[in-house]
Amino acid sequence: MSTTTVQTASRQHDGLTPETIRKDLLARARRLGAATLHEAAGRIGALPSGIKPVTTEMTLCGPAFTVHCPPLSNLQIHHALYQAQPGDVLVVHVSGGTEAGYWGDILNEAAMARGLGGLIIDGGVRDTAGLAKMDFPVFSNGVCIRGTGKDYEAVAWLQEAVRMGEVMIRPGDLVMGDRDGVVVIPAERVEDVVAKGEAREADEAAKIEKIRQGARTVDLYGFAEGAPTEIRSGAPFRGRV
């Protein structure tokens, strides 16, 4: 059999490299969390809600190393482990073959040995009892015991854009995952989005303090203006009279 054909793209685009994200912005982005980054970016980048961590304590934050593999084959993931750099997050698209366990304890150990930052996969994983105890964040759209093969003849892509749900993920884009879900921020927007996220957090903290002092959310957000002052049982409710 011939070896798998792998096409590799540049890790750098639009003037912001994964290294820049890692050094200057990664810690700040991690502190904000996925939901805040999603809102700060203009409500973009949310991956399908079915993609969740193996345990709720797991978080990941780092530049995406993208993998597009054929269904029911994880050979390409093995190769990606040794092309990715420490801190990179593997973002694996399985071409619709979701009913398989592409990742387990062996790959987890190998990824930890390489110093990678985590895994996001739109397919299944297995060996989750062990994965849950390891210090490596794994996000998948489910758990599946069905094994994968090694498709040596398939054409695969490393470091090319992949699509999950409505989101296109490019090499080097920032991926942030926690118990709420996963968000992808285009690399060239990370600095701006993180700054906006920090401003949003400060604003929310101020609002929470006012709520604790008795303020109403409808007043803080301006929802009371023009709203009905009386509620009639059985009548439709609208936010403006």
Side-chain angles (χ1 to χ4, degrees), residues 6-22 25-26 29-30 32-53 58-71 74 76-77 79-81 83-98 102-103 107 111 116-125 136-142 155-178 180-194 197:
V6 176
Q7 299 181 2
T8 304
S10 171
R11 288 169 51 86
Q12 179 174 341
H13 57 271
D14 296 319
L16 189 62
T17 65
E19 288 74 21
T20 303
I21 296 173
R22 191 174 293 121
L25 300 170
L26 210 54
R30 183 185 290 273
L32 291 172
T36 294
L37 289 173
H38 166 64
E39 292 286 349
R43 296 184 178 178
I44 66 164
L47 295 192
S49 61
I51 298 177
K52 288 291 194 294
M58 290 179 173
T59 64
L60 57 76
C61 189
F65 186 98
T66 55
V67 184
H68 190 156
C69 63
N74 74 349
Q76 296 74 16
I77 300 174
H79 285 287
L81 282 174
Q83 296 295 322
Q85 299 300 309
D88 283 352
V89 175
L90 297 181
V91 180
V92 182
H93 176 59
V94 300
S95 304
T98 57
Y102 291 82
W103 186 275
L107 285 173
L116 302 188
L119 169 75
I120 297 168
I121 184 168
D122 60 359
V125 298
F136 186 80
V138 173
F139 286 63
S140 74
N141 75 349
V155 175
W157 291 267
L158 304 184
Q159 290 294 69
E160 291 285 350
V162 297
R163 185 184 184 98
M164 292 187 182
E166 299 177 351
V167 181
M168 191 68 72
I169 307 141
R170 302 172 302 169
D173 284 346
L174 179 69
V175 289
M176 170 71 211
D178 55 29
D180 289 334
V182 183
V183 66
V184 179
I185 307 298
E188 68 275 9
R189 292 196 56 198
V190 171
E191 186 169 6
D192 177 61
V193 169
V194 168

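Because the structure is predicted, anything quoted here is derived from the model rather than measured. Along the sequence shown, residues are numbered consecutively beginning with 1.
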Report the C-alpha separation of Leu174 and Leu26 in whole Å, then their side-chain angles, then the decisive distance to 0.1 Å, and conclude whether the side chain to side chain contact (heavy atoms under 4.5 Å, CB included) test is met.
-> CA-CA 9 Å; Leu174 179 69; Leu26 210 54; 3.6 Å; yes
Would you call Leu90 and Trp103 a side-chain contact if the rule is heavy atoms closer than 4.5 Å?
-> yes
Residue pairs meeting side chain to side chain donor-acceptor pair (under 3.5 Å), one or both in residues 43-53, sequence neighbours left out, come to Glu39-Arg43
Can you see which heavy atom on Thr59 is nearest to which on Arg30, and at what distance?
-> OG1-NH1, 3.2 Å
Is there a donor-acceptor pair under 3.5 Å between the side chain of Asp192 and the backbone N or O of Arg189?
-> no
Do you know which two heavy atoms are closest between Cys61 and Ala29, and how far apart they sit?
-> SG-CB, 3.9 Å
Show your reasoning for whether side chain to side chain contact (heavy atoms under 4.5 Å, CB included) applies to Tyr102 and Ile77.
-> CA-CA 8 Å; Tyr102 291 82; Ile77 300 174; 4.0 Å; yes
Would you say the side-chain atoms of Asp122 pair up with the backbone N or O of Asn141, donor to acceptor, closer than 3.5 Å?
-> no
Tell me, do Leu107 and Asn74 make a side-chain contact under 4.5 Å, heavy atoms counted?
-> yes
Between Gly172 and Ala187 the two heavy atoms that sit nearest each other are O-CB, 3.6 Å
Closest heavy-atom pair, Gly45 versus His38, reported as atoms and distance to 0.1 Å, is N-ND1, 4.5 Å
Glu160 backbone acceptor or donor facing Thr66 side chain under 3.5 Å = yes
Would you check if Ile44 and Pro186 make a side-chain contact, meaning some heavy-atom pair closer than 4.5 Å?
-> yes
Looking at Pro71 and Gly97, what are the two nearest heavy atoms and their distance?
-> CB-CA, 3.8 Å
Considering residues at least two apart in sequence or located in another chain, which fulfil the ring-ring contact (aromatic ring centres under 6.0 Å, His included) criterion with His93?
-> His68
So which heavy atom on Leu119 is nearest to which on Val89, and how close?
-> N-CG1, 4.3 Å
For Leu47 and Val184, run side chain to side chain contact (heavy atoms under 4.5 Å, CB included): C-alpha distance rounded to whole Å, both residues' side-chain angles, the deciding distance at 0.1 Å, then the answer.
-> CA-CA 7 Å; Leu47 295 192; Val184 179; 3.8 Å; yes
Are the side chains of Val167 and Val183 in touch, meaning some heavy atoms are under 4.5 Å apart?
-> no
Would you check, one step at a time, whether the test side chain to side chain contact (heavy atoms under 4.5 Å, CB included) holds for Met164 with Ile169?
-> CA-CA 8 Å; Met164 292 187 182; Ile169 307 141; 4.0 Å; yes
Per the side chain to side chain contact (heavy atoms under 4.5 Å, CB included) rule, which among Val91, Ile51, Val92 passes with Ile121?
-> Val92
Side chains of Cys69 and Val94: does their closest heavy-atom pair fall under 4.5 Å?
-> yes
Do the side chains of Val193 and Leu37 get nearer than 4.5 Å, heavy atoms only?
-> yes
